[in-house]
Number of protein chains: 2
Amino acid sequence: MDTRQLKTLLAIRSHGTFAQAADLVGLTPSAVSQQVHALEEELRVTIFDRTKRPPRITPDGLQVIEMAEDILRRAEDAKASLRGDQIAGTLMLGSVRSSALNLLPRAMVQMRGRYPDLKPSLRVSLSSTLIADVAGGRLDAAIVAEHLGIPSTLRWSPFLREPLWLIVPRSMEASDPIELLNTRPYIRFRSAVPLANLIDTELSRLGVVTNDVAEIDTIGSIVTGVRQGLGISVVPHVALQEPEDLNIMRLTFGVPQVTRQIGIVERTAAPRAEIIALLHAVLADLCGDYGVVRPIRS
Amino acid sequence: MDTRQLKTLLAIRSHGTFAQAADLVGLTPSAVSQQVHALEEELRVTIFDRTKRPPRITPDGLQVIEMAEDILRRAEDAKASLRGDQIAGTLMLGSVRSSALNLLPRAMVQMRGRYPDLKPSLRVSLSSTLIADVAGGRLDAAIVAEHLGIPSTLRWSPFLREPLWLIVPRSMEASDPIELLNTRPYIRFRSAVPLANLIDTELSRLGVVTNDVAEIDTIGSIVTGVRQGLGISVVPHVALQEPEDLNIMRLTFGVPQVTRQIGIVERTAAPRAEIIALLHAVLADLCGDYGVVRPIRS
DNA sequence: TTATTTGATTTAGCAAAACTGGATCTGATT
DNA sequence: AATCAGATCCAGTTTTGCTAAATCAAATAA
């Protein structure tokens with residue numbers, strides 16, 4: 001099995017036909033056909049269904065393509081790392097909006113001191129897009145919350161682990177959290193982000209039935225709503241950072257108290273691992289008490 | 001870059017000399033030398049230091065070897081998966097002692113129902129050994145706690161996330177957890193396992209100075225010690241499962257309450273992914289309230 | 001349906017690569 | 001210094017992989 005065969009295979013996948021792929025990799029269609037046959041022979045599997053005319057990829061073929069992507073990416077990463085690309089150049093970063101506004105700018109300043117030749121570039125987007133971009137090599141790393149369905153070629157490591165609080169206006173008399181959730185007006189955080197899902201999951205696990213008075217899609221507005229006595233809600237710790245708000249009481253949320261994590265996704269065996277490790281350390285440091293230092297890689 | 005070159009490289013590494021490696025892969029020493037040169041040419045790197053006579057592997061060479069291992073393993077996994085090995089055969093499992101005694105036997109019974117042809121084999125060992133065995137392909141998966149330094153070719157996914165409790169004899173008057181830890185006799189859990197480290201880390205993060213009266217290396221004995229009024233300690237939730245112990249009070253430990261996780265390690269792109277996913281679901285289910293369902297793989 | 005077009009495959013010939021065997025060279029060992 | 005083990009170089013040979021042109025098969029148009 002040769003990497004050229006694998007490259008050819010990916011060329012076929014992206015250009016649909018053997019002939020165009022041949023052009024792309026600088027060979028004749030004949031050679032492409034032969035390479036595919038050799039691969040099929042070696043793996044003892046039919047990659048293409050040739051009864052269709054642009055040959056269709058079989059389910060087995062998809063598995064082979066997945067392998068090809070992994071292997072080629074691994075080889076590319078190794079090459080880049082051996083060339084010593086890691087010190088200079090552009091570090092392609094992505095981030096979800098919330099972290100991009102608070103943490104990242106400060107982290108980047110610190111990084112600048114350590115690697116002056118590094119030009120960081122930042123793209124802000126949704127976590128699913130970011131994850132796909134990291135997997136595809138278009139980003140070196142991205143900052144996203146704990147997320148369902150991170151591909152196995154990626155590694156996510158948290159730098160922040162913070163608790164979620166049930167917040168209630170101080171005007172409301174104290175009581176058991178479950179009791180409060182069942183009886184008081186509740187401001188729901190309605191959004192497509194993982195945090196919303198995390199909160200809803202715990203609510204249903206606790207078996208409470210909330211009495212929704214509002215649905216809001218930004219955490220900041222929810223805090224404001226609670227402060228003004230509109231109702232109670234659940235928010236992550238960072239949302240309460242500011243001048244200790246005297247009109248809000250916080251109670252632990254969940255059993256055990258629910259925490260949410262924010263971390264960095266990167267490709268395993270990423271060539272810039274060292275820089276990303278530093279970025280991780282810087283971010284964890286900036287997060288203070290709730291920062292999470294990263295396991296030593298082996 | 002051809003897999004045969006990579007295989008040759010690994011043969012050299014394990015047999016020290018080019019000549020023996022040549023024998024192993026069924027070629028002449030000359031061919032081996034040429035393959036290595038071709039690799040070095042393609043990657044533009046010197047893999048061996050030839051001023052030493054059995055040529056010594058250079059630091060760059062080590063990186064190349066790491067890549068070779070990853071790539072060959074990935075290729076092997078793909079082949080095995082395509083051959084359809086996943087349904088029958090032996091599932092090589094490993095586990096740390098604690099889980100092996102409680103959870104695994106029950107999980108295996110349930111697995112038996114689903115895959116009757118599957119013969120599970122179980123090895124009990126320390127987590128670091130288990131992780132190395134999974135990485136080396138000697139185990140399909142292993143059950144270990146959250147662990148520092150899991151290699152990037154492996155994936156660890158938790159099926160249990162349980163809180164840690166500060167436990168005190170009921171005879172002791174109630175007080176603030178920090179206060180208790182600072183003033184009462186403390187039974188230290190002294191062991192090489194991650195759990196001990198997790199507890200100690202949080203203790204020092206809280207800034208408490210414990211007053212140790214005992215060092216014990218099994219959780220069960222610690223609970224007994226607390227029950228008899230010897231001192232206070234910190235244990236995971238499972239340790240308190242049994243008949244609700246009236247002589248023990250539990251208080252939340254850590255800010256936010258510390259949780260420890262137990263999960264399955266497996267190789268990314270493992271050929272038995274489907275079975276392991278089921279095992280994960282079964283284990284999460286057995287863990288009841290603190291079970292963690294696994295993210296959907298993509 | 002038939003004709004046409006597009007695109008994969010087959011085959012033969014050729015070029016490049018990879019391998020072998022033996023000679024040669026170089027650290028390591030005594 | 002002599003010897004040994006083992007890597008490398010080189011010439012010749014085998015194998016592999018490529019091209020080009022002919023052939024074949026599915027899709028599309030008439």
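As the structure is a computational prediction, the values presented were derived from the model and not from experiment.
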Rounded distance in Å - [atom1] ([X]) to [atom2] ([N]):
| X | N | atom1 | atom2 | answer |
| --- | --- | --- | --- | --- |
| A:Ile47 | C:dA8 | CD1 | C1' | 15 Å |
| B:Gln5 | D:dT16 | CD | C1' | 14 Å |
| A:Gln34 | D:dT16 | CD | C1' | 10 Å |
| A:Lys52 | D:dT28 | NZ | P | 12 Å |
| B:Arg56 | C:dA28 | CZ | C1' | 12 Å |
| B:Phe48 | C:dG27 | CZ | P | 17 Å |
| B:Phe18 | C:dG27 | CZ | P | 14 Å |
| B:Asp2 | C:dA18 | CG | P | 8 Å |

Would you please confirm or rule out a distance under 4.0 Å between OP1 or OP2 of [N] and any side-chain N or O of [X]?
| X | N | answer |
| --- | --- | --- |
| A:Thr28 | D:dA20 | no |
| B:Arg50 | C:dG27 | no |
| B:Ser33 | D:dT8 | yes |
| A:Gln35 | D:dT16 | no |
| A:Arg4 | D:dC18 | yes |
| A:Thr17 | C:dA8 | yes |

Ignoring hydrogens and angles, does a donor from either the side chain of B:Ser30 or the base of C:dG21 sit under 3.5 Å from an acceptor on the other? yes
Taking 4.0 angstrom as the limit, do [X] and [Y] come out as a salt bridge?
| X | Y | answer |
| --- | --- | --- |
| B:Asp217 | B:Arg190 | no |
| B:Arg267 | B:Glu76 | no |
| B:Asp133 | B:Arg123 | yes |
| B:Arg56 | B:Asp49 | no |

Between A:Val32 and A:Thr51, which residue's closest nucleotide on DNA chain D lies nearer the 5′ terminus? A:Val32
Between A:Gln35 and A:Thr8, does any side-chain donor sit less than 3.5 Å from a side-chain acceptor? yes
Of the listed D:dC9, D:dC18, C:dT20, the closest approach to the B:His37 side chain comes from D:dC9
Which part of the nucleic acid, if any, lies within contact of A:Pro55, taking any heavy atom under 4.0 Å across all strands shown: a base, the sugar-phosphate backbone alone, or nothing? sugar-phosphate
Reckon B:Ala19 touches a base, only the sugar-phosphate, or nothing at all at heavy-atom distances under 4.0 Å? sugar-phosphate
